[in-house]
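Heads up: the structure comes next, in structure tokens.
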Protein chains: 2
Amino acid sequence: MREFKRKTRVLLVDDNNDHVKGIKELILLETGYDVIGSASSANSAVNFVKKYNPDLVVMDINLPEKDGLQAIQEINRLGLETKFLVLSGYDDPDLIYRAMKVGAKGYILKTMSSAQLVHGMEEVLNGKVYLPAVLTSKFFDYFQQSFREESAANDEENLLSYLTSREEEVLGLLTKGNNYKGIANQLFISETTVKTHVNNIFQKLQVNDRTQAVLYALNNGFGKKIKAKMSA
Amino acid sequence: MREFKRKTRVLLVDDNNDHVKGIKELILLETGYDVIGSASSANSAVNFVKKYNPDLVVMDINLPEKDGLQAIQEINRLGLETKFLVLSGYDDPDLIYRAMKVGAKGYILKTMSSAQLVHGMEEVLNGKVYLPAVLTSKFFDYFQQSFREESAANDEENLLSYLTSREEEVLGLLTKGNNYKGIANQLFISETTVKTHVNNIFQKLQVNDRTQAVLYALNNGFGKKIKAKMSA
DNA sequence: GATATTCTCAATCTATAGATTTAGTACATG
DNA sequence: CATGTACTAAATCTATAGATTGAGAATATC
């Protein structure tokens, strides 16, 4: 049986033409890869993928106008098998987190070696996630921090705990976008009573209007429950 | 200056006594480690940490009654510097995800080599996250899946995309709880102009008031966009 | 150079939100 | 049974939100 492997079709996305050239040359040194195009904006990247369905997109995420993460998200919604390897100049935990969140399969820095880039491409194409150890640590710093803050916010002094059950009920309807009349109808009480409750809620949450009350509620775990699962 | 490095104090948590013995012997083969105790339940692990404040906890998460993840969470709330390396028999993406979520710094399988265990311990103690490539992939499978489901619901036609950049700016301030006056002051425009923008926002988002607009924004990914940074 | 969009603002009007005071009922607790 | 709290409600008032119309300036598009 003859060895006949279709070349991997790659799209490069970067708004800097020199970068595109450099990376392209680098990739073409490897057998098995074809750079079938390049794009310098998120929109053109999306259009290119729609037309030519590359196997892999190597992309910078710092693009003019719309950023690369949005492009990844849009393309992923198309339901294709496109893999994304982010090639970024930044190692912010926040950026890494958001890239992985929207569905990137790998993230490497422009300062990393070309061997690492090629290795990352291979891993990603094999269905794995490629995130160098340094970046993995940064990702988890951010990931775990977000949960620490969440549980810290729930602790401390949560003003929501001072609400009576009726007030909680009213606040719940506020967070659904109801006005006084809507709440009154749903709770079978008068509009003035609702106003009284809402005013008391404002006092307790130390806010001035319903929008702030709703924001306080959402930011402080109102309505959130811990889903406890049994472990194996 | 004399080389004098304090030994790393390790707590082992596993409900199987044979496992504890085996791991303990393994660790003690390494210089620099002291196994200062072992626990066979989540509660006794928590109590042990409170009393003896180990540097590292190597733990199985499959424990009777309360599971190891809860123990990690409880201990992390104490505000100590305790590092956790999960040593599990299972490689479920869900388990890995939850372990990392509650603050584990590493996760390795019992089937992995002792060299890998020791390496993981070192990495974790150095403040890094240790997650073997196979498990990293599993973690991200789960992680990304959870967002795919979320964005599938939010997607379809996102009305936020019809907003002009100025309207986005105004909506951003609305989601901070500002009233007309506050927005006008911050954008250096008149209050009536703000009202015009807000009205246009309502039209485009098909809502009736600011609370609904804010809720729509928050539920449809507003603000989850990249804060554009200058590229190198 | 005509057209469309965006951003700006005023003026005016109505509707709703929010503040405040007072008060009746119910219920629990000491 | 006196006291405190939660829930209900009315009345009244002010402040803010929101709808609508019209219009000038800037910029981009064709």
Side-chain angles (χ1 to χ4, degrees), chain A residues 15 40-44 47 63-66 157-218 222-223, chain B residues 157-218 222 225 228:
Chain A
D15 62 331
S40 59
S41 78
N43 286 328
S44 57
N47 289 330
L63 302 172
E65 301 181 30
K66 206 193 301 186
E157 180 108 326
N158 194 332
L159 299 176
L160 289 172
S161 65
Y162 297 131
L163 298 182
T164 68
S165 63
R166 195 56 157 175
E167 285 160 0
E168 282 182 355
E169 213 170 346
V170 171
L171 180 56
L173 291 172
L174 278 181
T175 63
K176 300 297 178 194
N178 288 283
N179 57 16
Y180 287 136
K181 196 173 296 183
I183 297 173
N185 287 335
Q186 285 171 74
L187 297 184
F188 302 105
I189 56 180
S190 84
E191 208 174 316
T192 47
T193 302
V194 178
K195 287 189 179 191
T196 306
H197 287 312
V198 170
N199 259 282
N200 291 334
I201 291 171
F202 291 167
Q203 299 302 316
K204 292 184 178 177
L205 301 188
Q206 299 167 24
V207 298
N208 305 309
D209 57 55
R210 66 181 54 206
T211 308
Q212 291 175 5
V214 166
L215 289 170
Y216 184 93
L218 298 181
F222 184 80
Chain B
E157 183 106 328
N158 192 334
L159 300 176
L160 290 172
S161 64
Y162 297 130
L163 299 183
T164 67
S165 62
R166 196 56 158 174
E167 285 160 359
E168 283 182 354
E169 214 170 344
V170 171
L171 180 55
L173 292 172
L174 277 182
T175 62
K176 300 297 178 195
N178 288 283
N179 58 15
Y180 286 136
K181 197 173 296 184
I183 297 173
N185 287 334
Q186 286 172 73
L187 297 183
F188 302 105
I189 55 180
S190 85
E191 209 174 315
T192 45
T193 304
V194 177
K195 288 189 177 188
T196 307
H197 287 312
V198 170
N199 259 285
N200 291 334
I201 292 170
F202 291 167
Q203 300 302 316
K204 291 183 178 177
L205 302 187
Q206 299 168 24
V207 298
N208 306 310
D209 57 55
R210 66 182 51 206
T211 308
Q212 290 176 5
V214 167
L215 288 170
Y216 185 94
L218 297 181
F222 184 83
K225 273 190 249 168

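Computed from a predicted model, the values in this text were never measured in an experiment. Every chain is numbered from 1, with letters handed out A, B, ... down the list of sequences.
- Between the P atom of C:dC9 and the OH atom of B:Tyr180 lies a distance of 16 Å, rounded to the nearest Å.
- In terms of position along DNA chain D, the nucleotide closest to B:Thr211 lies nearer the 5' end than the nucleotide closest to the other residue of the pair B:Thr211 and B:Thr196.
- Phosphate proximity of C:dT8 to B:Ser190: absent, as no side-chain N or O sits under 4.0 Å from OP1 or OP2.
- Distance A:Glu167 CD to D:dT8 P: 10 Å, rounded to the nearest Å.
- Atom CG in A:Asn200 sits roughly 12 Å away from atom C1' in D:dT8 (whole-Å rounding).
- Residue contacts shown for A:Ser165 are limited to sugar-phosphate atoms, with no base heavy atom under 4.0 Å away.
- Residue B:His197 has a polar side-chain atom (N or O) positioned under 4.0 Å from OP1 or OP2 of C:dT8.
- If you measure from atom CD of A:Gln203 to atom P of D:dA6, you get 14 Å, rounded to the nearest angstrom.
- For the residue pair A:Glu167 and A:Tyr162, the shortest heavy atom distance occurs at OE1-O, 4.3 Å.
- When rounded to the nearest whole Å, the span between CZ of B:Arg210 and C1' of C:dA15 equals 14 Å.
- Per the geometry, CZ belonging to A:Phe202 stands 12 Å off C1' belonging to D:dT16, to the nearest Å.
- Mapping B:Asn179 and A:Glu191 onto DNA chain D by nearest heavy atom places A:Glu191 at the nucleotide closer to the 5' end.
- With rounding to whole Å, A:Lys195 atom NZ is found 7 Å from C:dT16 atom C1'.
- A donor-acceptor pair under 3.5 Å is absent between the side-chain atoms of B:Asn178 and the main chain of B:Ile183, judged by distance alone.
- Residue-level contact check: A:Thr193 touches the bases, meaning some heavy atom is under 4.0 Å from a base atom.
- With rounding to whole Å, A:Glu168 atom CD is found 10 Å from D:dC7 atom P.
- Residue contacts shown for B:Asn199 include a base, since a base heavy atom lies under 4.0 Å away.
- Counting heavy atoms from C-beta on, the side chains of B:Val214 and A:Val214 never come closer than 4.5 Å.
- Residue contacts for A:Thr192: at a heavy-atom cut-off of 4.0 Å it reaches a base atom on one of the strands shown.
- Closest approach of A:Tyr216 and A:Leu160 over heavy atoms only: CE2-CG, 3.8 Å.
- Residues A:Leu205 and A:Leu171 form a side-chain contact, since some pair of their non-hydrogen atoms from C-beta on lies under 4.5 Å apart.
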